[in-house]
Number of protein chains: 2
Amino acid sequence: MDNKTKNRPQTPPPDGGRPTLKTIAFMTGLGITTVSRALKDAPDIGAETKERVRLVAKQIGYQPNRAGVRLRTGKTNVISLVLTLEEEIMGITSPMVVGITEILAGTPYHLVVTPYSAVKDALAPIRYILDTGAADGVIISRTEPHDARVALLTERGLPFVTHGRTEMGIVHPYHDFDNERFAYEAVRKLVARGRRKLVLLEPPPHLTFYSHMRAGFERGLRDFQADAVGFHQTNIDHSLVEIRDAFEILMRSEDAPDGIVSGSGSGAIALIAGLEMAKKKLTEDCDMVSKSPSDFLRWLRPEVMTMYEDIRVAGRELAKAVIGHIDGQPPETLQSLSQPEFQPPITRGLRA
Amino acid sequence: MDNKTKNRPQTPPPDGGRPTLKTIAFMTGLGITTVSRALKDAPDIGAETKERVRLVAKQIGYQPNRAGVRLRTGKTNVISLVLTLEEEIMGITSPMVVGITEILAGTPYHLVVTPYSAVKDALAPIRYILDTGAADGVIISRTEPHDARVALLTERGLPFVTHGRTEMGIVHPYHDFDNERFAYEAVRKLVARGRRKLVLLEPPPHLTFYSHMRAGFERGLRDFQADAVGFHQTNIDHSLVEIRDAFEILMRSEDAPDGIVSGSGSGAIALIAGLEMAKKKLTEDCDMVSKSPSDFLRWLRPEVMTMYEDIRVAGRELAKAVIGHIDGQPPETLQSLSQPEFQPPITRGLRA
DNA sequence: CATTGCTACTGTATCGTTACAGATTTGAAG
DNA sequence: CTTCAAATCTGTAACGATACAGTAGCAATG
């Protein structure tokens, strides 16, 4: 066979299979290379040729074979969402996945969920992804001030974004909820209601947003002249039963607070239960502000003032940020902070 | 170069990269083919050789390149979870993803989340997966009695499992919650409390479990001699506000029921709101049984009797079933039904 | 001693794509 | 009439793995 046409498929590709570059090459009479280059709009391909190739490709519904691309170029077109199995407790995963996929839908990226058990090494899934080249970008959450995962990913140059900030002098993409501001505004609100002895159900101390929330809480106490009641026996990572029982004890003590800031929506449920077991009543003995990623508190306990943390939007921001990072945008342009706002009460529909 | 050793890598593979078959071939002095076959325990490789190869592979942490395997064999090692973006409303996705990944963690499979907008064609993601060979198996939910996705997947021979059953004479793997039994037991419970005018907040009529739940409800009415109050204006797919408003009207009418069966946990919230807006009280004017995939109802409205639907376990069952299907196990052995059970009240901890 | 059959191993081609290094044509410049 | 450059296209090799069709060596068979 003449060299000149050796790269041109001589046989029509089998019918059943999906179209490949070869199919298009055969149909257009061009070489496979030319077709490949035409589809990526390379400068050394004629305008008319590109047009023809694009037309045929579209007609037959050509979609590049991911395995082929991945093998040749190393590009996986995968974003990996790294989750603790325990994360579901907060019911946070679901809207986040939805938010991420909303953004990825308009891109060639697929979302792969990579779980790990918090009991074990949180680095394990990161290492796996790095070692096997399993993804082009990674989304991680539950960040710590000095986060080993962030260090490792940065060192190895794999694009990522964190849900939450770090404090290690590394500038990296992140999205975060402004927990400092949340706690500050919560205190403001409680003091405005005449509450002066405030308690905070805080995040676990090793996570970065622990100090954010505490800082906001304490700044609020200073600015609005209220006092803190210590409550460090439990945090939002503990079981509802643990939180409830610890809080009941507190509410029965001399030190019982009259204002509560809850760092999580499910934690709020437990606090309410503890409070009621201590025979206290919301709005009478106590007011409460809670962060809430869903609606149920507003519906079932409208007396709790809630600030909505929109996890779905967070998912969208995170997805945009990883992709930006992959595309080489500077990390400092890929950081965002979502501002808490008090939610209006449920509209009372019929008879408002 | 002598043909005999042409397949033996002559140069040590570059250090930085991850190990491949070539690396092992070089280290053992064997051919690439031999290494490949040894690792899959092929019968034509010597026992001692296999041992050596396995040892080296383990030492250097060899993991097969997924793109290579996928390109050559078509095996993707991917399970695709196909979700409606709207599904998150029920907060169902999160524990399901966790359950699935728990099972997949012990396998070579990755979980890819493939969303679609219910507004558009539910077949679109299925077609995408079929056309691009994106997955070895598919998990779908929100099944209908005659489900086009099930028909298509079956026709094209792609393994799948459904969350929910179908009624089209196709024997396929599924996992389902026994909604018939749920509604039946709910009616029994309500009647035992002296309730006789019962209402059902039902699933949307086009889904299979609509008729299951209705059948259970009606069988209960017959067996326990109660009456149904019609309430078809809304279903569990409607917004909480819509459900609440429709239910308030019902509760203010002549026809007001004294027993409620709620087909979803979030729907229950809206029903409670509607009921309270109509100045009625749970346990006094009305009792309620609700399906509940989470804990908050039990905590915040202990007077509602709940049957827990464990979505996490469902995820596990679904994952096991798809893999079973991929492995060629007969579909009829991959069907499971989870039995509803009433949940005990929250233990009152300290002073029980 | 040739044949057969078995065991244990190996080379080649291929999946679909792209990087790279040509190759051909055309037209303009010298 | 060269020579050169630009424009456009093409072949080859490679990514890592595996299916397939061998081959070499050796023992048993007739």
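Lettering follows sequence order; numbering is per chain, from 1.
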Just compare [options] and give me whichever is closest to any side-chain atom of [X].
X       : options                : value
B/Ser36 : C/dT17, D/dT18, C/dA19 : D/dT18
B/Thr33 : D/dA19, C/dT18, D/dC9  : D/dA19
B/Lys40 : D/dT10, C/dC9, D/dT18  : D/dT18
B/Thr20 : C/dT17, D/dC9, D/dG16  : D/dG16

Roughly, in whole Å, what's the span from [atom1] in [X] to [atom2] in [N]?
X       : N      : atom1 : atom2 : value
A/Lys50 : D/dC9  : NZ    : P     : 10 Å
A/Ile32 : C/dT18 : CD1   : P     : 11 Å
B/Arg72 : D/dC15 : CZ    : P     : 17 Å
A/Arg70 : C/dT17 : CZ    : C1'   : 14 Å
A/Ile45 : D/dA6  : CD1   : C1'   : 14 Å
A/Arg37 : C/dC20 : CZ    : P     : 10 Å
A/Leu71 : C/dC15 : CG    : P     : 13 Å
A/Leu21 : C/dT18 : CG    : P     : 6 Å

Check each of B/Val82, B/Ile100, B/Leu83 against B/Ile139 using the side-chain contact (heavy atoms from CB on, under 4.5 Å) test, and report the only one that passes.
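Single side-chain contact (heavy atoms from CB on, under 4.5 Å) partner of B/Ile139 among B/Val82, B/Ile100, B/Leu83: B/Ile100.
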
Please determine, by modelled atom types, if B/Tyr116 and B/Thr84 share a side-chain donor-acceptor pair under 3.5 angstrom.
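The criterion, which ignores hydrogens and geometry beyond distance, is satisfied for B/Thr84 and B/Tyr116.
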
Side chains of A/Thr143 and A/Thr166: do they bring a donor and an acceptor to under 3.5 Å?
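The criterion, which ignores hydrogens and geometry beyond distance, is not satisfied for A/Thr166 and A/Thr143.
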
For the aromatic rings, using the six-membered ring if either is Trp, is the centroid distance between B/His163 and B/Tyr174 under 6.0 Å?
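When the ring centroids of B/His163 and B/Tyr174 are compared, they turn out to be at least 6.0 Å apart.
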
Within the structure shown, what part of the strands sits under 4.0 Å from B/Asp44 by heavy-atom distance: base, sugar-phosphate, or nothing?
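The answer is base, as B/Asp44 lies within the cut-off (heavy atoms under 4.0 Å) of a base atom.
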
Please name all residues satisfying salt bridge (charged side-chain N to carboxylate O under 4.0 Å, His left out) with A/Arg127, sequence neighbours left out, ordered by chain then number.
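Partners of A/Arg127 under the salt bridge (charged side-chain N to carboxylate O under 4.0 Å, His left out) test: A/Asp121.
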
Return the 5'-most residue of the pair B/Pro43, B/Thr73 with respect to DNA chain C, ranking by each residue's nearest nucleotide.
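Comparing both residues, the 5'-ward one is B/Pro43.
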
Given that B/Thr49 and A/Gln63 both sit by DNA chain C, which one's nearest nucleotide is further toward the 5' end?
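This one resolves to B/Thr49.
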
